[in-house]
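All remarks here apply to the structure that follows.
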Amino acid sequence: MNKLNEQKADRLGGLRRFAIAITVLNILGHTVLGFEQAWITPVIAVATAYATELLLEIADAQMSRRRPRFLGGLRPLVDFLLSAHISGLAVGMLLYANSRPGPVMFAAACAICSKAALRLPGENGRHFLNPSNFGITLTLLLFPWVGIAPPYQFTEKLDGPGDFLLPGIIIASGTFLNYRFTKRLPLIAAWLGCFALQAALRHLLFDTRIEAALAPMTGVAFILFTFYMVTDPATTPESTPAQVMFGAATAFLYGLLMVSHIVFGLFFALVSVCAVRGLSLHLYFWWKARQQTTVPVGAAAATN
């Protein structure tokens with residue numbers, strides 16, 4: 001019980017700090033850094049995420065005949081909406097739909113709905129798709145004219161030391177949060193190491209310029225993806241070997257997508273690896289349940 005409470009406290013502490021970090025980044029982005037989206041975009045995205053999360057919780061509470069988890073004061077409400085807050089800001093920050101808010105609202109709603117609709121078996125089964133990544137990926141597939149926000153927007157208005165200071169702060173804070181709360185440093189190490197390895201393989205096998213293959217690693221968008229998206233503790237494995245496999249699979253699938261000339265490789269690679277992991281866990285739970293319900297022939301004869 002103590003371990004369970006400790007895990008819950010770590011998860012809540014991590015969510016609070018992630019929410020603060022991404023909120024500060026969005027405020028700085030729209031006032032200092034040079035984000036390309038309209039300032040209303042994150043507001044619309046977060047409002048949609050909040051509304052979807054609350055409506056789904058009310059519906060589930062009524063069907064289960066229980067009290068909604070967000071009731072009981074301001075603090076339970078804030079804690080309940082932390083995940084939706086992060087998803088909404090991530091979607092609003094990373095998608096670029098020009099002046100149309102519809103696709104961003106769609107992405108935010110899909111991100112939240114995926115947590116309720118795509119879950120592992122069992123009463124306490126967790127969702128297995130990264131919500132923000134799923135919402136972004138689905139939007140890119142269904143709205144071909146929507147793109148990803150340009151990577152230069154994170155440092156567009158920074159000069160001199162600022163070009164290095166912002167990435168340094170994100171790396172330092174992301175490393176601390178993933179060490180202290182998510183325990184996903186092995187995943188990060190595997191992801192970064194295998195990303196560099198797939199870049200070298202593309203250079204050797206497909207004559208890709210090594211500078212171009214490694215260039216994404218120098219951008220703030222890649223750093224954010226590394227420390228704040230691919231490490232989502234709710235949708236990634238717990239054990240160190242499984243974390244290494246998850247990070248390596250995402251990196252090498254990205255390389256395969258690049259060789260196949262498929263754009264938005266980071267998002268497609270992550271959603272694919274999460275989907276395969278979710279399907280594998282579904283099959284495992286199905287097989288385990290079948291093994292438990294199967295009565296051996298000898299046991300059946302003995303009861304007759």
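Just the heavy atoms: all of them, side chains too, but no hydrogens, waters or symmetry mates, feed the values below. Source: prediction; values computed, not measured. The residues of the chain are indexed from 1 along the displayed sequence.
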Might you point out which heavy atoms bring [X] and [Y] nearest each other, and give the distance in Å?
X    : Y    : result
L158 : D163 : O-OD1, 3.0 Å
R66  : D60  : NH2-OD2, 2.5 Å
A196 : L214 : CA-CD2, 4.0 Å
I136 : M229 : CD1-CE, 4.5 Å

Exceeds 12 heavy-atom contacts within 6.0 angstrom, atom [atom1] of [X]:
X    : atom1 : value
F164 : CZ    : no
F264 : CZ    : yes
W145 : CH2   : yes

Practice problem: Take F143 and F106 through the ring-ring contact (aromatic ring centres under 6.0 Å, His included) test and state the conclusion after the steps. | Solution: CA-CA 10 Å; F143 301 91; F106 173 81; 5.4 Å; yes

Exercise. In sequence, state the C-alpha distance, the side-chain angles, and the governing distance for V32 and K157, and then conclude on side chain to side chain contact (heavy atoms under 4.5 Å, CB included).
Key: CA-CA 7 Å; V32 178; K157 296 183 179 180; 5.8 Å; no

Exercise. For residues F267 and F134, establish whether the separation of their ring centroids is below 6.0 Å.
Key: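 Aromatic pair excluded; centres sit 6.0 Å or further apart.
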
Practice problem: Could you tell me if the ring centre of W191 sits under 6.0 Å from that of F252? | Solution: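 No: the rings miss the under 6.0 Å criterion.
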
Quiz item: Where do T175 and F227 land on the side chain to side chain contact (heavy atoms under 4.5 Å, CB included) test, with the steps shown first?
Solution: CA-CA 7 Å; T175 301; F227 289 98; 3.4 Å; yes

Quiz question: by atom type and distance under 3.5 Å, do the side chains of [X] and [Y] form a donor-acceptor pair?
X    : Y    : value
T182 : N178 : yes
S132 : Y228 : no
T23  : H85  : yes

Exercise. Determine, step by step, whether F246 and V230 satisfy the side chain to side chain contact (heavy atoms under 4.5 Å, CB included) criterion, reporting the C-alpha distance in whole Å, the side-chain angles of both residues, the deciding distance to 0.1 Å, and the verdict.
Key: CA-CA 9 Å; F246 187 94; V230 77; 4.3 Å; yes

Quiz item: Any Lys/Arg nitrogen of D79 or R16 sitting under 4.0 Å from an Asp/Glu carboxylate oxygen of the other?
Solution: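 Between R16 and D79 there is a salt bridge, with a charged N closer than 4.0 Å to a carboxylate O.
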
Quiz item: Between the side chain of R65 and the main-chain N/O of A61, is any donor-acceptor distance below 3.5 Å?
Solution: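 No; judged by distance alone, with no hydrogens or angles, the pair does not exist.
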
Quiz prompt | Flag, side chain of N130 to backbone of V271, donor-acceptor distance under 3.5 Å | solution =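 No: the side chain of N130 does not pair with the backbone of V271.
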
Quiz item: Relative to each other, are the rings of F80 and F70 parallel, tilted or perpendicular (30° and 60° limits)?
Solution: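 It falls in the tilted class, 30° to 60°.
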
Exercise. Show your working on side chain to side chain contact (heavy atoms under 4.5 Å, CB included) between L33 and L166 and close with a plain yes or no.
Key: CA-CA 10 Å; L33 301 178; L166 178 63; 3.9 Å; yes

Self-check item: Identified salt bridge (Lys or Arg N to Asp or Glu O under 4.0 Å) counterpart of E238 within the set K183, R126, R11, R184
Solution: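 The salt bridge (Lys or Arg N to Asp or Glu O under 4.0 Å) with E238 is passed solely by R184 among K183, R126, R11, R184.
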
